[in-house]
Amino acid sequence: MLSERAKKIKPSPTLAIDSKAKSMKASGIDVISFGVGEPDFDTPDNIKEAAVKAMKDGFTKYTAVGGIDALKDAIIEKLEKDNGISYKREEIIVSCGAKHSLYNIAQAIYGPGDEVIIPSPYWVSYPDQVLLNDATPVFVKTYEKDSFILRPEALQAAITKKTKAIILNSPSNPTGLTYDKKALEGIAEAALKHNFYIVSDEIYEKLLYDGVKHVSIASLGKEVQARTIVVNGLSKSHAMTGWRIGYAAGPAEIVKAMTNIQSQSTSNPNSIAQKAAVEALKGPQDFIGKMLVEFDMRRKYLVSELNKIKGMSCITPTGAFYAFPNTSKIYGRSFKDKKISSSTDLALYLLDEAKVALVHGEAFGDDNYIRLSYATSLDEIKRGVERINEALDRLE
Ligand SMILES: *Cc1c(COP(=O)(O)O)cnc(C)c1O
């Protein structure tokens with residue numbers, strides 16, 4: 001018999017679509033995937049070499065649970081240099097990916113009776129991590145016409161005595177949009193006034209376009225920093241999804257609790273990957289610029305093509321590697337006898353009929369949209385868009 005907790009949880013829907021697409025591919029079907037949530041670039045060689053060296057040097061044993069000092073120091077340096085925030089070692093924890101850091105946070109601060117505010121559309125794991133810790137996700141809708149930025153009055157209306165935290169994600173997965181300083185100031189003010197935590201997932205910090213600059217909410221002042229847990233990692237910035245290194249920076253008391261929790265679950269993150277992560281943070285950073293040029297080209301192409309498709313409209317994303325077009329005008333049309341009335345119907349139709357994989361917006365809490373990742377070659381993007389167009393033309 002499964003626990004009540006286990007019954008509440010669904011598998012990550014983005015991984016589910018990806019796995020269906022992969023199994024179609026494995027059976028010989030030529031599927032074009034806009035479903036992936038990871039850079040299609042290989043991890044830079046200097047980082048791989050640091051891992052090889054770590055292995056050869058015999059750096060293959062358990063390390064300190066919350067990460068080696070050299071890595072914590074590299075993270076501290078990064079947070080100071082890039083974000084203008086100072087931390088001490090006891091305020092840093094390295095985990096097995098940013099998702100794991102977020103999970104440790106959830107275990108350390110959410111509990112029965114707590115409410116956690118999640119602006120929607122949201123990244124798929126936030127609600128389930130809240131549910132896994134017997135707390136209640138409180139969704140606050142954001143709108144395309146506001147560039148998916150949380151409205152202050154909507155936030156205000158969602159705050160209760162039970163509010164424990166808000167989870168922010170800028171640049172955002174799935175919308176690709178970013179919060180500016182003014183919007184962050186409003187949220188920080190509310191958090192201080194009503195005494196709740198800010199969990200700030202900044203994993204896409206390095207992937208910004210059109211001159212947009214990243215602001216970490218923790219940089220808005222000492223008081224705000226004391227209420228904020230910043231989450232970041234190397235998966236997206238350094239094409240290191242498989243290495244499983246992420247980290248969090250926050251108040252020592254919370255980081256200590258997270259470290260205890262980690263000590264009873266995974267122990268330290270992989271020793272070899274930690275050495276690689278030191279190189280990723282301290283070595284040359286030109287890789288990121290090269291990756292960005294490529295992403296930017298694909299972004300412009302994909303967004304302009306999506307806007308040409310009848311029934312679709314796509315806001316221009318300024319970060320991450322996702323386009324999030326509005327597809328609600330397509331709903332109601334049908335193929336043979338089947339009516340397409342949701343993002344899920346549309347995603348399944350496109351997978352079956354166009355052999356194109358993408359993620360239904362419903363997975364992110366907004367059924368009026370679909371998410372396309374452009375972490376795939378320009379050539380694939382071109383072919384994929386053509387197929388989507390053809391398949392949509394077949395709808396009545
Ligand atoms: C990819 C992603 C993560 C997880 O990153 P890992 O370090 O690979 O665990 C966290 N948050 C968001 C929004 C992501 O898209």
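Along the sequence shown, the residues carry numbers beginning at 1. Read the numbers this way: they start at 1 and go in the same order the structure lists the ligands and their atoms.
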**Complete:** Members sharing Ile68's hydrophobic cluster, built from side-chain contacts under 4.5 Å between Ile, Leu, Val, Met, Phe, Trp and Tyr, are Ile47, Phe59, Leu71, Ile75, Ile76, Leu79, Ile85, Tyr87, Ile92, Val94, Val230, Leu234, Met240, Trp243, Ile245, Tyr247, Val278, Leu281
**Request:** Look at Lys25 together with Asp30 and state whether they make a salt bridge at an N to O cut-off of under 4.0 Å.
**Result:** no
**Asked** Below 4.0 angstrom, N of the basic side chain to O of the carboxylate: do Arg5 and Asp128 qualify?
**Response** no
Give a table of atom pairs where an N or O of ligand 1 lies under 3.5 Å from a protein N or O.
from	atom 1	to	atom 2	distance (Å)
ligand 1	7 (O)	Ala98	N	2.6
ligand 1	7 (O)	Ser235	OG	3.1
ligand 1	8 (O)	Ser235	OG	2.7
ligand 1	8 (O)	Arg244	NH1	2.7
ligand 1	9 (O)	Ala98	N	3.1
ligand 1	9 (O)	Lys99	N	2.9
ligand 1	9 (O)	Arg244	NH2	2.8
ligand 1	11 (N)	Asp201	OD2	2.6
ligand 1	15 (O)	Asn173	ND2	2.9
ligand 1	15 (O)	Tyr204	OH	2.7
ligand 1	15 (O)	Lys236	NZ	3.0

**Request:** Tell me, please, whether Tyr301 has Lys382 positioned over its six-membered ring: NZ or CZ under 6.0 Å from the ring centre and within 45 degrees of its axis?
**Result:** yes
**Request:** Would you please test Glu362 and Ser342 for side chain to side chain donor-acceptor pair (under 3.5 Å) and show each step?
**Result:** CA-CA 8 Å; Glu362 197 204 349; Ser342 67; 5.5 Å; no
**Request:** Please determine which of Asp210, Thr318, Thr316 meets the side chain to side chain donor-acceptor pair (under 3.5 Å) test together with Arg299.
**Result:** Asp210
